[in-house]
Structures are given as C-alpha cells and as structure tokens.
Number of protein chains: 2
Amino acid sequence: MERNTRQRTAIRQAIAEAARPLLPQEILQAAEVAVPGLSLATVYRNLRTLVEEGELLTVTLPGEVARYEIAGAGHHHHFQCESCQRVFEVHACPGNLAGLAPQGFVVERHELTLYGRCADCSDPKRPASARKPARAHGH
Amino acid sequence: MERNTRQRTAIRQAIAEAARPLLPQEILQAAEVAVPGLSLATVYRNLRTLVEEGELLTVTLPGEVARYEIAGAGHHHHFQCESCQRVFEVHACPGNLAGLAPQGFVVERHELTLYGRCADCSDPKRPASARKPARAHGH
DNA sequence: GTGGATGCAAACTCTTTGCACCTTG
DNA sequence: CAAGGTGCAAAGAGTTTGCATCCAC
C-alpha cells in the first residue's frame, strides 16, 4: 500500500510547480527546501514509484539523462533550449510518420525533439547569461 | 598528428561494415577479432577522435547510450526495433517542423526517432527469438 | 628516437540496492 | 505495531583518465 510521506509530498509538489521536465538533481534541490536532509536515493525511489503508478512520465531526450514530468498531458514532444539547456513541452505533432520508414518496417510510435532557443533566450532584452541554466556540470 | 594503428583501422572497419549505428561494446566485439587484446578504453578513445575529425557521428537515441555511425550520409533519422533493439537509419524527414514550437521559440534543428518492428522482426517467417539482439543486458 | 597510442586499473557520474532505523496508517 | 519508507554507504553500469609501456612515422 501507498503511503504519503513528507518526502513524497515534497517531490510531487516540486515537479508540479516546475511546469517543465526536471532532472533528479533539480527535484532534490527543490524538494529539500521543504524536507531538509532529503536524500537523492529517496528521490530516485519515489520517481520510480510515481512513474509506475502513472502519476509521472519519464522524459528521455537524446544524450540526456532522464527528466520527469507530470503525466496526463497527452501525446506531446519536447523542445530543448541550446542556450539554457532547459526542456519544455511542445503540444504539437507533425503526425503521419508511418510512411518514413523503409519497406517492411512497422512504425508504432515516435519521439521528436526540437532544438533551438527558448522564448527567454531568443529575446535580446534578456540575454542567456542572465538566467540560471537547468544543469551546470561541465565534463 | 594522426597515426594509423592496427586498433584504429580495426575500429573504423568494424563500423563501416555494420551499416548501422553500433554500441561501443559491439564495436569492441567486432574489432577484437582482428586485434586480440583490444581494450574498451582504446575503443572509446578512438571513437572520440574519429568523431572530432568528423569521420564518425554520435547517434544518441532517447534513453539509450551513444552509438556510432559513419558520417557523410546527410540529414537523416533513426528507427529502433522494439523487438531486437537494433537501430537503423531512416533517410526521410517530415521537414518543416519550425512551426510546432510555441510563440517566441526559435527552432534550429530536430531529432526524430521512430519505434516499431524492423523488417526482420515483423516478418512472421523469421521470429525475433531466432535473431541475436544488439544488446543483452537486463537491469 | 619521440610523441602519439595502447592496456590496465583506478576514478567518475549517474542510478540502484542492502541494511538498520523510523514513520505512517 | 507491521509494512512501507528513509538515509547512508556501498555496489553497479557506462565512460574517462593517469601512467608506464609500446610502436608508427
């Protein structure tokens, strides 16, 4: 049976408030404000549980680690800003992609990712350097 | 200056012969036939070098580790078979995706991945279980 | 001969797991 | 109070790197 712990509540809320797919690290940062001492392992365990329950969706962009978003928005795609690295939902779809595959291939679903500049970063009045990127590690 | 070692030659050839994007592990397996004792570190080092030189392309599908393919095929997308997990090139593109993003977003490029059954796996005469999957790990 | 390349093992990042303790229902 | 949840640290997978040795040019 499912329990409602402070930790789970804080994790759920952090994702709900973000309105965009978040990294586990970002979720930890947002949720540990409400629950000091929250561990990354707990974030991962809850993410898995919430995905299995269908409350969250895993968003995996090419070459990126998994992000998490609230489920229920229906079929959609994602846009990643190449300036701030943040990911946004795109509620549009080119559709009708079954014909693109070679002879004999059966297309069942598709993933589309758009790249470019988000509204903030393409606005000359608000340069990218003024905003905090969604991830900061540099290999 | 670039050198042509037996290792680099074997790695290059393994990828060229595959005609589809390969995992580092698959490249190692194919290349160590020609160069016994080849190490995975050498595969990774050469992959990086060859990508930097523009000879190879990194193919990163959502939620998958990087694969590598020969560069120069022009703009294309990929198809992953959900039965054998292998990845194939798709030389078609829906095009004209710039209009899908929200107001103020600038689309510069896109990635599209199709999922379904490859020609082999959708052919009832050749069941998937008869073919070797491209990756075998099961978390 | 010398600088790039290799093999090995250790280090690193991201994620999962074992275990003892704690907390919710 | 029992089952599920948590924190910590250790373990795993995939990838990178330090270092001594090797070998192409």
Side-chain angles (χ1 to χ4, degrees), chain A residues 1-15 21-29 31-53 55-68 85 87 133-139, chain B residues 1-15 21-29 31-53 55-68 85 87 133-139:
Chain A
M1 246 285 292
E2 279 292 304
R3 280 184 198 179
N4 286 322
T5 60
R6 292 176 303 131
Q7 288 86 343
R8 179 162 304 166
T9 303
I11 290 166
R12 227 190 302 250
Q13 190 172 341
I15 300 168
L22 293 184
L23 298 168
Q25 282 287 356
E26 295 176 304
I27 295 167
L28 174 63
Q29 285 165 28
E32 72 184 351
V33 175
V35 182
L38 177 64
S39 79
L40 189 53
T42 294
V43 172
Y44 276 109
R45 272 188 288 235
N46 276 288
L47 290 176
R48 185 201 288 199
T49 302
L50 293 170
V51 168
E52 282 171 0
E53 288 176 356
E55 196 170 331
L56 295 183
L57 288 179
T58 306
V59 178
T60 47
L61 302 196
E64 298 280 310
V65 303
R67 288 174 169 82
Y68 297 86
Q85 310 302 324
V87 174
R135 61 163 192 186
H137 63 85
H139 289 280
Chain B
M1 244 285 293
E2 278 292 304
R3 279 184 198 179
N4 285 323
T5 60
R6 291 176 305 131
Q7 288 86 341
R8 178 162 306 168
T9 303
I11 289 167
R12 227 190 302 250
Q13 191 171 340
I15 299 168
L22 293 185
L23 298 168
Q25 282 288 355
E26 294 177 304
I27 295 166
L28 174 63
Q29 284 166 30
E32 72 184 351
V33 175
V35 182
L38 177 64
S39 80
L40 190 52
T42 295
V43 172
Y44 277 108
R45 272 188 287 236
N46 277 289
L47 289 176
R48 185 201 289 199
T49 301
L50 294 169
V51 168
E52 282 170 2
E53 288 175 356
E55 195 170 332
L56 296 183
L57 287 180
T58 306
V59 178
T60 49
L61 302 196
E64 297 280 309
V65 303
R67 288 176 170 82
Y68 297 86
Q85 311 302 323
V87 174
R135 62 163 193 186
H137 64 86
H139 289 278

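Every value quoted in this text rests on a predicted model; they were computed, and no experiment measured them. Chain naming here is simple, since letters A, B, ... match the order of the sequence lines and numbering starts at 1 in each.
With hydrogens and angles left out, the side chain of A:R3 and the base of D:dG5 share no donor-acceptor pair within 3.5 Å. Residue side chain A:R45 does not reach the base of C:dT16 through any donor-acceptor N/O pair under 3.5 Å, judged by distance alone. Contact of A:R6 with D:dG7 (side chain to base): no donor-acceptor pair of N or O atoms is detected under 3.5 Å.
Residue A:L47 contributes atom CG, which lies 15 Å from atom P of C:dC14 at whole-angstrom precision. The distance between atom CZ of B:R67 and atom P of D:dT15, rounded to the nearest whole Å, is 11 Å. Per the geometry, CD1 belonging to A:I11 stands 13 Å off C1' belonging to D:dG7, to the nearest Å. Atom CD in B:E53 sits about 9 Å away from atom P in C:dA5, given to the nearest Å. For the pair A:R8 CZ and D:dA3 C1', the interatomic distance rounds to 13 Å; values are reported in whole Å. Summarising the geometry, the separation between CG on B:L28 and P on C:dC8 is reported as 11 Å, rounded to the nearest angstrom. In this structure, CG of A:L40 is placed 14 Å from P of D:dA9, rounded to the nearest angstrom. Here D:dG14 presents its P atom at 9 Å from CG of B:L23, a figure rounded to the nearest Å.
Heavy-atom distances to DNA chain D give each of A:V35 and B:Q25 a nearest nucleotide, and the one nearer the 5′ end belongs to A:V35. For A:S39 and B:N4, each mapped to the nucleotide of DNA chain D holding its nearest heavy atom, the one lying further toward the 5' end belongs to A:S39.
Contact between the side-chain N/O atoms of A:R48 and the OP1/OP2 oxygens of D:dG5 is not found at any separation under 4.0 Å. Between A:T42 and D:dG7 there is a side-chain polar atom (N or O) within less than 4.0 angstrom of OP1 or OP2. Close to D:dT6, at under 4.0 Å from its OP1 or OP2, lies a side-chain N or O of A:N46.
Annotation: side chain of B:V65 is not in contact with side chain of B:Q25 (no heavy-atom distance under 4.5 Å). Side chains of A:R12 and A:N4 form a contact here, defined as non-hydrogen atoms less than 4.5 Å apart. A heavy-atom distance below 4.5 Å is not found between the side chains of A:I11 and A:R8. Contact of the B:R67 side chain with the B:L23 side chain is registered, since non-hydrogen atoms from C-beta on lie closer than 4.5 Å.
Checking D:dG14, C:dT17, D:dG7 against every side-chain atom of A:L38, the shortest atom distance belongs to D:dG7. Set against C:dC14, C:dT24, C:dG7, the side chain of A:T5 has C:dT24 as its closest nucleotide. Nearest to the side-chain atoms of B:Y44 among the listed nucleotides D:dG14, C:dG25, D:dC25 stands D:dG14. Counting only heavy atoms from C-beta on, B:Q7 has its side chain closest to C:dG7 among D:dC25, C:dG7, D:dG5. With C:dC14, D:dT15, C:dA5 as the candidates, the nucleotide lying closest to the side chain of B:P24 is D:dT15.
With B:L38 as reference, B:V43 is the one residue of B:N46, B:I27, B:V43 to meet the side chain to side chain contact (heavy atoms under 4.5 Å, CB included) rule.
Considering CG of A:L28 and CG of A:L47, their distance stands at 10.0 Å, rounded to 0.5 Å.
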